[in-house]
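These numbers come from the heavy atoms of this one structure, side chains and all, not from hydrogens, waters or symmetry mates. Here the structure is a predicted model, which is why all the values come from computation and not from measurement. Along the sequence shown, residues carry numbers from 1.
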Amino acid sequence: MANVVVGTDGKARCAWAGIESDELYQRYHDEEWGRPVAGERELFERLSLEAFQSGLSWITILRKRGAFRAAFANFEPAAVAGFGPADIERLMADAGIVRNLMKIKATIGNAQAILALPDGTTLGSLLQAHAPAPRPAGGPVPAKTAESAALAKALKKLGFAFVGPTTAYAMMQAVGLANDHQPGCWVAEALTRP
């Protein structure tokens, strides 16, 4: 049970740093992380936020999520793909988001890459094609896997940026392709029930 902590509501959750006292973090863990996500907009948002998280704590990104959505046109790929120099300047001045020029340009470029995917290919289909096999419950949670490395390579070949194997695996976890909720976590139990 060392991999779980008890939150403000008495429920046992994965032992993420600070989760036991942060209700926003608890809601994200309970309602989103590890649950299936569908739709290009939703997947583009998760990919973008995981890229912005690189080098930072997830709670920092989670607390800025509303500002990210406002700044990036609710992560509608067609809208973000049309961002130009004035938008980049606007985003670099927006204290509500992470102001990293490389990550901002990568997000715009990734929206353009989504729109340029070959016929019949979607971000969702790329993720599904690289879904990892289920891992044994309670084992060490990897930072990256062979599948996430292959996904990162495929995405880069299609013009995506800021999508290394670690970011790809974090996205797989976030959208339910990898269920890394720990044994004893109430969500792990809920997701494994028939």
Side-chain angles (χ1 to χ4, degrees), residues 13-14 16 19 24-66 68-69 72-78 80-81 98 103 106-107 109-111 113-115 117 120-137 139-182 185-193:
R13 293 179 177 83
C14 300
W16 298 351
I19 195 171
L24 175 66
Y25 218 5
Q26 290 175 24
R27 277 195 315 274
Y28 174 75
H29 170 274
D30 295 356
E31 299 168 10
E32 292 187 61
W33 192 73
R35 296 185 183 266
V37 173
E40 292 298 279
R41 188 204 67 75
E42 292 82 358
L43 293 171
F44 175 53
E45 176 182 357
R46 299 319 190 284
L47 177 66
S48 300
L49 294 179
E50 292 297 346
F52 272 103
Q53 184 272 332
S54 184
L56 303 170
S57 70
W58 178 248
I59 192 62
T60 299
I61 301 303
L62 194 56
R63 288 181 180 141
K64 293 176 175 282
R65 191 178 195 182
F68 273 112
R69 285 175 171 166
F72 284 96
N74 203 32
F75 292 100
E76 290 293 344
V80 177
V98 173
K103 292 177 182 181
T107 302
N110 290 347
I114 288 173
L115 298 183
L117 287 172
T121 302
T122 64
L123 186 53
S125 70
L126 288 166
L127 282 162
Q128 286 298 326
H130 294 87
R135 289 184 325 93
V141 177
K144 58 187 174 184
T145 63
E147 296 89 353
S148 73
L151 174 60
K153 184 176 180 179
L155 289 170
K156 287 178 182 177
K157 187 175 180 181
L158 291 165
F160 287 80
F162 244 94
V163 288
T166 302
T167 298
Y169 191 70
M171 184 178 181
M172 289 175 166
Q173 292 173 305
V175 302
L177 286 181
N179 181 3
D180 284 333
H181 285 283
Q182 295 298 299
C185 167
W186 82 268
V187 178
E189 295 170 12
L191 288 176
T192 57
R193 286 188 204 125

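For Trp58, the ring-ring contact (aromatic ring centres under 6.0 Å, His included) partners at least two apart in sequence or on another chain are Tyr28.
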- prompt: Asn179 and Arg135: side chain to side chain contact (heavy atoms under 4.5 Å, CB included), yes or no, with the steps?
  reply: CA-CA 8 Å; Asn179 181 3; Arg135 289 184 325 93; over 6 Å; no
- prompt: Between Arg35 and Val187, is a side chain to side chain contact (heavy atoms under 4.5 Å, CB included) present by the stated rule, with each step listed?
  reply: CA-CA 10 Å; Arg35 296 185 183 266; Val187 178; 3.8 Å; yes
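Counting only residues at least two apart or on different chains, no ring-ring contact (aromatic ring centres under 6.0 Å, His included) pair has a member in residues 153-173. Listed by first and then second residue, the side chain to side chain donor-acceptor pair (under 3.5 Å) pairs that reach into residues 44-56 are Glu32-Arg46, Arg41-Glu45, Glu45-Arg65, Glu45-Arg69, sequence neighbours excluded.
Looking only at distances, no side-chain donor or acceptor of Gln173 sits under 3.5 Å from a matching main-chain atom of Trp33. Listed for the Gln26 side chain is a donor-acceptor partner under 3.5 Å among the backbone atoms of Ile19.
With rounding to the nearest 0.5 Å, the separation of CG in Leu47 from CG in Leu155 is 7.0 Å. Rounded to the nearest 0.5 Å, atoms CD1 (Ile61) and CZ (Arg63) are 11.5 Å apart. Separation of atoms CG (Asn110) and CZ (Phe75) is listed at 11.0 Å; rounding is to 0.5 Å. In this structure, the separation between CD on Glu76 and CD1 on Ile114 is 10.5 Å, given to the nearest 0.5 Å. The CG atom of Leu151 lies 14.0 Å from the NZ atom of Lys144; values are rounded to the nearest 0.5 Å. The CH2 atom of Trp16 sits 12.0 Å away from atom OG of Ser57, with the distance rounded to the nearest 0.5 Å.
Closest approach of Leu123 and Phe44 over heavy atoms only: CD2-N, 3.8 Å. Counting all heavy atoms, side chain and backbone alike, Leu43 lies closest to Met171 at O-CE, 3.2 Å. Listed here is the closest heavy atom pair of Ala81 and Ala111: N-CB, 3.6 Å. Taking both residues in full, the closest heavy atoms of Ala168 and Ser148 are given as CB-O, 3.5 Å, listed atom of the first, atom of the second, then distance. Of all heavy-atom pairs spanning Pro165 and Ala152, the tightest one is N-CB, 3.7 Å. When all heavy atoms of Pro77 and Leu115 are compared, the closest pair comes out as O-CD1, 4.2 Å.
In this structure, Phe52 has its ring center closer than 6.0 angstrom to the ring center of Phe72.
His181 and His29 have perpendicular rings, their planes meeting at more than 60° on a 0 to 90° scale where under 30° would count as parallel.
The side-chain heavy atoms of Val175 and Glu42, taken from C-beta on, include no pair separated by under 4.5 Å.
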